[in-house]
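Beneath this line is the structure, given in structure tokens, with notes to follow.
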Amino acid sequence: MVVVSKIENAPLSRVPQTQRVSLFSVAIVHMGMLTALDQFMLGAVLGDAMALSDAFITIFVGSLIFGIVTFGLGFAGMREGLSGSLLARWCGFGRIGSVFIGLVVAISLLGWFGIQNAIFAHSLNFASGHKLGFGWAAALSGALLTTLVAFGFKALRFTARIAVPLFILLVAYISITVLSDSTGQPLHEMIKLSHSGNTLSISAGITIVVGGAIVASLMTPDLTRYTKSGKHVLGITLLTIIAGEFVINGLAILIAKALNTSDVVTIMSQAAGGAGLLVVVFSTLRVNDLNLYSSSLGIINAVEGITGKKLRYPPTAIVIGIFGTLLSILGILERFVDFLTVLGVIFPPIIGIMLVDYYLLRSHRKALDESRQQGRLPHETPTIGWAAIIASVIGSVVALGTNWGVPAINSLLLASLAYGLFKLAYKRS
């Protein structure tokens with residue numbers, strides 16, 4: 001994909017207007033972030049833990065939050081031609097602060113590696129007739145994937161090309177067969193069904209919907225810096241929400257209701273047999289290839305930014321792969337909702353602060369505007385934005401520690417307000 005290849009060519013520079021590409025070129029890559037197995041897993045959890053109407057209310061509100069912050073950050077990336085990590089340097093966090101953001105992203109991707117590897121292991125164990133046992137299956141799948149990614153096995157690129165269309169076709173097939181099955185519940189009766197899993201409130205559901213997509217929000221400028229206009233950014237955001245949240249997520253909710261389970265392996269094996277399990281394996285390979293690769297690069301960049309030492313990629317990928325595999329064995333999949341909840345209160349403060357600084361406080365807009373006219377980065381880069389870091393921590397901690405409202409919204413608003421007050425107090429001092 002042209003956008004992916006170009007991203008690697010301009011990691012620390014502006015993207016000039018002459019290198020901008022079409023709406024479709026960027027949209028197809030951005031949509032890929034949310035048309036994956038993790039979104040299907042999230043939808044299955046919602047369908048199994050909520051009434052149908054509540055689940056779709058949750059998706060709508062969560063998508064609205066995701067859409068607003070994604071468009072805001074994506075528009076800034078388009079306007080400046082900068083990636084998210086570069087933009088953060090002049091949006092409150094400074095050079096070292098942006099390194100810490102990269103570290104948080106890398107750690108979250110490590111968690112995703114553990115979850116996806118657990119799905120792979122469940123599929124492997126199921127295919128073996130439960131002879132392997134989950135622990136051994138997780139160790140085997142984690143070791144295999146870590147080795148392939150660490151040493152750049154070319155076959156992974158092939159799996160990445162076929163995994164997404166195969167997964168979408170599988171979801172379409174399961175949707176048609178399950179939802180039209182005469183032995184299943186008609187849609188009008190399904191709406192009346194109560195949930196069968198552990199109860200999930202609407203506010204908690206909104207937070208995990210945001211948590212499931214928020215890393216994509218933070219990475220949006222990495223892609224939209226290649227777009228030509230704000231209309232393109234809006235189109236990309238809407239297409240991703242429709243494809244990821246309402247199609248993949250929405251169908252997963254209905255399928256989980258019809259089959260009365262949130263277990264992805266059970267859903268795939270019941271509805272599509274061995275072919276379904278094979279697509280699950282391909283999907284986890286595709287997603288975890290990116291998770292482990294990006295997490296490794298994030299750790300390497302963070303260590304270099306903080307200590308000046310550059311770690312070698314293969315050993316770093318192996319160590320991170322081992323940690324991710326351990327997370328699988330220790331049961332991170334059983335903490336999937338908790339994991340998404342944490343993501344849903346850690347990342348919104350970061351994005352909220354960046355948006356407040358860029359659009360309202362405009363702390364470095366003059367430097368950004370002047371350097372943009374010359375096609376370069378600003379000469380002066382703030383070292384570290386303590387106000388932004390402290391405000392982010394406040395927003396996350398308070399949102400996690402309180403039971404009122406919607407945690408994702410609470411963390412975003414509290415951090416943004418705290419950051420604004422800190423900057424105001426600093427100006428007056």
Side-chain angles (χ1 to χ4, degrees), residues 38 42 45-46 49-50 54-55 57-73 84 88 91-93 97-98 100-112 115 198-220 245 249 332 335-361 385-425:
D38 45 12
L42 172 57
V45 167
L46 293 176
M50 307 179 80
D54 290 347
I57 290 171
T58 293
I59 286 183
F60 177 77
V61 178
S63 297
L64 186 62
I65 297 169
F66 169 76
I68 291 170
V69 298
T70 300
F71 174 74
L73 210 55
C91 287
F93 286 91
S98 68
F100 280 114
I101 292 175
L103 187 60
V104 172
V105 171
I107 293 172
S108 74
L109 293 176
L110 173 62
W112 277 118
I115 287 171
N198 295 327
T199 302
L200 196 66
S201 67
I202 290 179
S203 62
I206 292 169
T207 297
I208 70 169
V209 168
V210 173
I214 200 68
V215 177
S217 292
L218 197 57
M219 296 172 68
T220 294
E245 299 291 1
N249 223 335
I332 189 174
R335 312 293 297 184
F336 183 53
V337 171
D338 296 330
F339 175 70
L340 292 183
T341 300
V342 171
L343 295 187
V345 298
I346 287 179
F347 285 101
I350 294 171
I351 296 174
I353 288 167
M354 290 178 65
L355 294 177
V356 166
D357 192 278
Y358 187 81
Y359 290 105
L360 299 180
L361 301 180
W386 285 113
I389 293 173
I390 295 170
S392 295
V393 172
I394 290 173
S396 298
V397 170
V398 172
L400 277 174
T402 55
N403 296 320
W404 51 270
V406 180
I409 298 176
N410 294 345
S411 65
L412 189 151
L413 294 179
L414 284 170
S416 301
L417 180 60
Y419 178 68
L421 291 175
F422 287 157
K423 297 294 283 187
L424 183 63

Taking all non-hydrogen atoms of both residues, which atom of [X] and which atom of [Y] are closest, and how far apart?
| X | Y | result |
| --- | --- | --- |
| Ala387 | Lys423 | CB-CD, 4.3 Å |
| Phe66 | Ala216 | CE1-CB, 4.4 Å |
| Gly212 | Leu42 | CA-CD2, 4.5 Å |
| Ser201 | Met50 | O-CE, 3.7 Å |
| Pro407 | Ala399 | O-CB, 3.5 Å |
| Val356 | Ser416 | CG2-CB, 3.7 Å |

Does the side chain of [Y] come within less than 4.5 Å of [X]'s, by heavy atoms?
| X | Y | answer |
| --- | --- | --- |
| Leu218 | Ile351 | yes |
| Tyr419 | Ile394 | no |
| Ile214 | Pro348 | yes |
| Leu73 | Thr220 | no |
| Val104 | Phe100 | no |
| Leu46 | Ile208 | yes |
| Leu343 | Trp112 | yes |
| Phe93 | Ile389 | yes |

About how many Å separate [atom2] of [Y] and [atom1] of [X], when rounded to the nearest 0.5 Å?
| X | Y | atom1 | atom2 | answer |
| --- | --- | --- | --- | --- |
| Ile206 | Thr341 | CD1 | OG1 | 12.0 Å |
| Ile101 | Ile346 | CD1 | CD1 | 12.5 Å |
| Leu414 | Thr402 | CG | OG1 | 7.5 Å |
| Asn403 | Ser203 | CG | OG | 9.0 Å |
| Ser63 | Ile68 | OG | CD1 | 11.0 Å |
| Leu355 | Ile350 | CG | CD1 | 12.0 Å |

Would the distance check show the side chain of Asn410 and the main-chain N or O of Trp404 forming a donor-acceptor pair, the cut-off being under 3.5 Å?
yes

Any donor-acceptor N/O pair, Thr207 side chain to Ala408 backbone, under 3.5 Å
yes

Tyr359, OH atom: more than 12 neighbouring heavy atoms under 6.0 Å
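Enclosed.
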
The side-chain contact (heavy atoms from CB on, under 4.5 Å) partner of Asp54 among Ile202, Ile59, Leu200 is Ile202

